[in-house]
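Data block below; observations after.
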Amino acid sequence: VLETLHRYPKLVEHTEVALSVTNIVSALSLNTDLGLPLVSDLSCLKLVLGLFTQPDNPSARRVVTLDFAHALGSSIEELFRHVPALRDVGMAMCVDTLGEVLNLISLPASPKPSSADNM
């Protein structure tokens, strides 16, 4: 399954596939000797998170909806709760993705207080 996702990354542009990735990772992680090492870099999850950073991709725009984001977030939270070994790398990946999204939407930086404001 993982090899197929990496060979055909456009598969994650389908909602059902994208939402299944966390379940696949979770199921493989149950086998700590064979499965967990296969998914420990969470590269397949990175494919799904990448959907949020492709504003010019019509397929990604179709998949990324508020309902999708909610379902994916719940699924990721459950994955990290049940597989603590993936939590650190997964949270770093999520934070990186959020940073990319913020850069894409070009939020203005918060103004820094001037020295006059502190007087």
Side-chain angles (χ1 to χ4, degrees):
V1 172
L2 297 176
E3 187 177 315
T4 301
L5 285 173
H6 288 290
R7 188 174 294 157
Y8 305 102
K10 289 205 166 279
L11 283 173
V12 298
E13 293 176 1
H14 300 276
T15 305
E16 295 80 9
V17 174
L19 291 175
S20 297
V21 168
T22 54
N23 291 332
I24 293 166
V25 170
S26 185
L28 289 170
S29 298
L30 293 174
N31 184 319
T32 55
D33 295 329
L34 298 174
L36 186 56
L38 288 175
V39 297
S40 62
D41 67 350
L42 290 176
S43 57
C44 52
L45 182 59
K46 189 171 184 81
L47 291 172
V48 176
L49 291 175
L51 293 172
F52 289 93
T53 60
Q54 300 175 31
D56 297 329
N57 180 340
S59 296
R61 282 197 318 262
R62 225 179 12 260
V63 171
V64 177
T65 63
L66 185 57
D67 288 341
F68 172 80
H70 177 76
L72 181 63
S74 294
S75 187
I76 288 172
E77 185 275 329
E78 184 175 341
L79 171 66
F80 295 163
R81 192 165 21 96
H82 291 288
V83 189
L86 300 177
R87 191 176 300 145
D88 289 344
V89 69
M91 286 303 298
M93 191 178 296
C94 290
V95 168
D96 288 347
T97 301
L98 287 173
E100 290 178 45
V101 169
L102 288 174
N103 286 336
L104 285 172
I105 59 174
S106 302
L107 287 177
S110 299
K112 293 183 179 181
S114 68
S115 58
D117 292 341
N118 293 331
M119 294 183 180

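FYI, the numbering just counts along the sequence from 1. Please read all numbers here as calculations on a predicted model, not as lab measurements. All values below were derived from every heavy atom in this structure, side-chain atoms included, with hydrogens, water molecules and symmetry-related copies excluded.
- Side chain of Thr53 to main chain of Gly50: a donor-acceptor pair is present (N/O by atom type, distance under 3.5 Å, no hydrogens or angles).
- Linking ILVMFWY side-chain heavy atoms closer than 4.5 Å, directly or via other members, places Leu38 and Tyr8 in a single hydrophobic cluster.
- Residues that satisfy the salt bridge (Lys or Arg N to Asp or Glu O under 4.0 Å) test with Glu100, not counting sequence neighbours, are absent from this structure.
- Leu104 is not connected to Val48 by any chain of hydrophobic side-chain contacts under 4.5 Å among Ile, Leu, Val, Met, Phe, Trp and Tyr, and they are in different clusters.
- With a 4.5 Å cut-off on side-chain heavy atoms, Leu51 and Leu72 do not count as touching.
- Atom CD of residue Glu77 and atom CZ of residue Arg87 lie 9.0 Å apart, to the nearest 0.5 angstrom.
- For the atom pair CG (Leu98) and CG (Asn103), the distance works out to 11.0 Å, reported to the nearest 0.5 Å.
- Annotation: the span from Cys44 atom SG to Leu49 atom CG amounts to 10.0 Å, rounded to 0.5 Å.
- When all heavy atoms of Asp56 and Pro58 are compared, the pair lying nearest together is O-CD, 3.3 Å.
- The side-chain hydrogen bond (donor to acceptor under 3.5 Å, both in side chains) search around Glu16 returns none, not counting sequence neighbours.
- Between Phe80 and Gly90, the shortest heavy-atom contact is CZ-CA, 3.3 Å.
- The two residues Ser40 and Leu86 make their nearest non-hydrogen contact at CA-CD2, 3.7 Å.
- Between Ser59 and Lys10 there is no side-chain heavy-atom pair separated by less than 4.5 Å.
- With contacts defined as side-chain heavy-atom distances shorter than 4.5 Å, the pair Thr97/Lys46 does not qualify.
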Inset, instruction - Walk me through it: do His14 and Val63 pass the test side-chain contact (heavy atoms from CB on, under 4.5 Å)? - result: CA-CA 6 Å; His14 300 276; Val63 171; 5.7 Å; no
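- Between Thr22 and Leu45 there is a side-chain heavy-atom pair separated by less than 4.5 Å.
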Would you list the atom pairs, donor with acceptor, under 3.5 Å between side chains in residues 24-33 and any protein atom, with sequence neighbours excluded?
{"residue": "Ser29", "atom": "OG", "partner": "Val25", "partner atom": "O", "Å": "2.7"}
{"residue": "Asn31", "atom": "OD1", "partner": "Asp33", "partner atom": "N", "Å": "3.1"}
{"residue": "Asn31", "atom": "OD1", "partner": "Leu34", "partner atom": "N", "Å": "2.8"}

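- Looking only at side-chain heavy atoms (C-beta outward), Leu47 and Val21 stay at 4.5 Å or farther from each other.
- Rounding to the nearest 0.5 Å places CE of Met91 at 12.0 Å from CG of Leu42.
- Using a 4.5 Å heavy-atom cutoff, the side chains of Val83 and Leu36 are in contact.
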